[in-house]
Amino acid sequence: MKAALFSTCKYHGPSVAGGWPVTGRVYSHEAALESFQSSLEQFRLADELGFDWVSTAEHHFAPFSLTPNPMIMAGAISQVVKRAKIALLGADIPILNPVRVAEEFAMLDMMTNGRVVAGMLRGTPNEYVTYNINPAESRGRFEEAMALIKKCWTETEPFGWQGRYYQYRTVSIWPRVVQKPHPKIYMSGSSPESGEFAARNKVSLGFAVTNVPLAKKAADHFREQARVHGWEPEPDDIIYRVGIHVGETDDQALHDYEEAQKAAPGMRLTMANRSLEQSIANTGYYGRDADAQRNRLMPRSLQERIDVGQILLGSPDTVVKQLEYIKRELDCGVVDLTVAHQMGDKTLRSIELMGEKVLPRIANW
Amino acid sequence: MADAAVVDADTQINFTRSTVDAAGTPVEIAEAGSGLAVILVAASTDRLAHLLAGQFRICCFEPGEEFAALAPAMKARRIAALADALGLQHYCLSVEGVDALAALHLGADVPEKLLRAVMFSPQVFDSAGVLNDPSLAAKLEGITAHSLALFGTDSGGNTQGDTSLHREKIPNCHLMYVFDALDPARSRPEAAAEVIGDFLKRGDGFLVSEQDGRLFP
């Protein structure tokens, strides 16, 4: 099983807890820069320690993430990560200009000599407020944007696009992608509709902000639908994202985590603004499985999160056991290990322990 | 001689049917609209024809079995004769499938008359990239009219290479993909009408947006 190190590049400076969007009135440039640099240092370390991928993502208007444009972050990562693949998990394509997304992915693929993994997501529900896009159009925009991005990568002649949401008279991107026909694409697959689209279009799936029982149900549905469309997903066609903190012992890991949780409470996105979330739900954003989709965003206690595979916490031995559960249930080929809290040297040590004592034991799974 | 009319409930466009003598061959057509003349090798009942008739003088020529059996060069002559019979000094043409070959012949034969050509799901090249009509090979470079080749993204009949060849090998040919369409003229007529309307009106200039981006005054 491959391992990725994921970081949203959380801001660890003065802020105001709760709500979304989050006010910038107490923002500290120095803290933001330090947060960014420590994330880069963690990615560099992960690369040295043998992580297969490093990954970044797109979130807006909150200290939860300082990477509203993951392409820029990936560009910075590409200068310090020399071996591992760089996964953007991902760009929130329904709220972006798809041609620009195709260009930026291609540029990164060129800069990294073909080490880019192209995640394309609908994003968390709050992201639709960011650029004033109707959440009801999310799925339609997503499906068309992905088709257009693939066309940008594969069509070598200048072409126009007459879509429902996007219209271009002539497109011919430079630079071109290195990986042929294009970088591997992942999309979020928690809802049944997403799994069905991915199966129909032979796209790989990633699961985030969910738990193992829900992801298993979605992965089983995806595999079943893929068979209907005549293909069998490989383990590498499924990524599972999970928070992680590894300590020398279980007690130390738990202590570190609880201390960090006290220092940085409530770093959330959609569920930090329940009224907004309800308005988005009213547009039909969640689809036919709305209750389950909303439920997976709900806050849980730490023990519950550990029990359902939402966070890996403990010594290397404990974390390997927790990973065994994920592998057994999902047969995923990639686990996207999320820096649970930024704890300075403790986080660096956690990454070292992953690289030295966890990764070698899961590499052949 | 005019007879039956076809009226679209939505656009309220009224097509008038008549028979025209095209160099000795009687050709049944349906006409509506005014302005730049566009010969549509398609049925006047197609929604696309009604949408375009709001902007252009549309002359629908529904190809029958006899026309379908003609060689591409002969089809081009028939269309040219029809245009002459209608007194058109300059005109545009819209065709689909293999009739794109006829449009290209026409572009080479009467470059002074054919202004622009629209080709829906054109079948000009075979899978090896060879022209489906060898007699066109020598004429291809002489085509000066701009053309627009439209392909539906759901069209399984065309591979990426097939579609690209039209842009690569036909002089002044623009390539346009219509998303979520098998047959763009019929499955997404509004989308098709918007882009080809702009192309027919402005030629190459259709690449440049003239849409007003202001939300409020």
Side-chain angles (χ1 to χ4, degrees), chain A residues 93-94 96-102 106 120 131-134 137-174 176-177 179-182 185 193 196-197 200-203 229-231, chain B residues 48 51 118-120 125 129 146-155 158-181 183-185 187-199 201-211 213 215:
Chain A
I93 59 173
L96 303 173
N97 176 333
V99 174
R100 179 65 176 244
V101 172
M120 299 184 198
Y131 298 149
N132 202 29
I133 300 292
N134 183 348
E137 295 180 351
S138 164
R139 203 169 292 283
R141 283 179 176 272
F142 175 84
E143 294 182 2
E144 183 180 336
M146 184 185 285
L148 173 52
I149 291 166
K150 284 162 77 173
K151 189 65 81 182
C152 289
W153 287 340
T154 55
E155 175 59 77
T156 51
E157 288 298 316
F159 69 94
W161 184 267
Q162 190 75 344
R164 287 202 171 80
Y165 298 103
Y166 308 103
Q167 185 184 51
Y168 297 90
R169 290 297 198 234
T170 190
V171 176
S172 182
I173 69 161
W174 282 70
R176 314 292 303 185
V177 289
Q179 299 172 80
K180 298 296 177 190
H182 55 70
I185 299 173
E193 291 95 330
E196 289 153 19
F197 175 84
R200 201 162 57 245
N201 291 278
K202 220 169 173 185
V203 174
H229 291 282
W231 67 291
Chain B
L48 180 69
L51 292 167
V118 172
M119 305 182 288
F120 284 101
F125 303 97
H146 283 258
S147 57
L148 179 65
L150 296 107
F151 293 93
T153 58
D154 290 352
S155 172
N158 293 100
T159 64
Q160 181 81 56
D162 291 340
T163 56
S164 306
L165 279 174
H166 293 78
R167 171 67 175 70
E168 186 184 335
K169 295 194 170 182
I170 300 170
N172 308 312
C173 181
H174 298 278
L175 175 61
M176 179 67 59
Y177 290 106
V178 180
F179 174 67
D180 199 19
D183 170 0
S187 47
R188 297 198 57 218
E190 289 81 4
E194 191 278 336
V195 66
I196 69 175
D198 202 16
F199 171 71
K201 262 188 230 161
R202 302 201 286 140
D204 228 9
F206 93 123
L207 298 179
V208 181
S209 175
E210 290 185 343
Q211 286 183 353
L215 293 174

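A, B, ... follow the sequence lines: proteins, then strands. Residue 1 opens every chain. Fair warning: this is a prediction, and the values are worked out from it, not measured in the lab.
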Distance, nearest 0.5 Å, that separates NE2 of B/His174 from CD of A/Glu157: 12.5 Å
Closest non-hydrogen atom pair, B/Arg167 against A/Pro158: NH2-CG, 3.4 Å
Any residue meeting ring-ring contact (aromatic ring centres under 6.0 Å, His included) with A/Tyr168, in chain and number order, not counting sequence neighbours: none
Neighbours of chain B found in residues 138-147 of chain A - heavy atoms under 4.5 Å: A/Glu143, A/Glu144, A/Ala147
Any residue meeting ring-ring contact (aromatic ring centres under 6.0 Å, His included) with A/Trp161, in chain and number order, not counting sequence neighbours: B/Phe179
Contact check, side chains of B/Leu175 and A/Glu155, non-hydrogen atoms, under 4.5 Å: yes
Closest heavy-atom pair and its distance - A/Gly160, B/Met176: C-SD, 3.3 Å
A/Arg169 (side chain) donor-acceptor with B/Phe206 (main chain) under 3.5 angstrom: yes
Chain A neighbours within residues 188-198 of chain B, where any heavy atom lies under 4.5 Å away: B/Arg188, B/Ala191, B/Glu194, B/Val195, B/Asp198
B/Arg202 CZ: over 12 foreign heavy atoms closer than 6.0 Å: yes
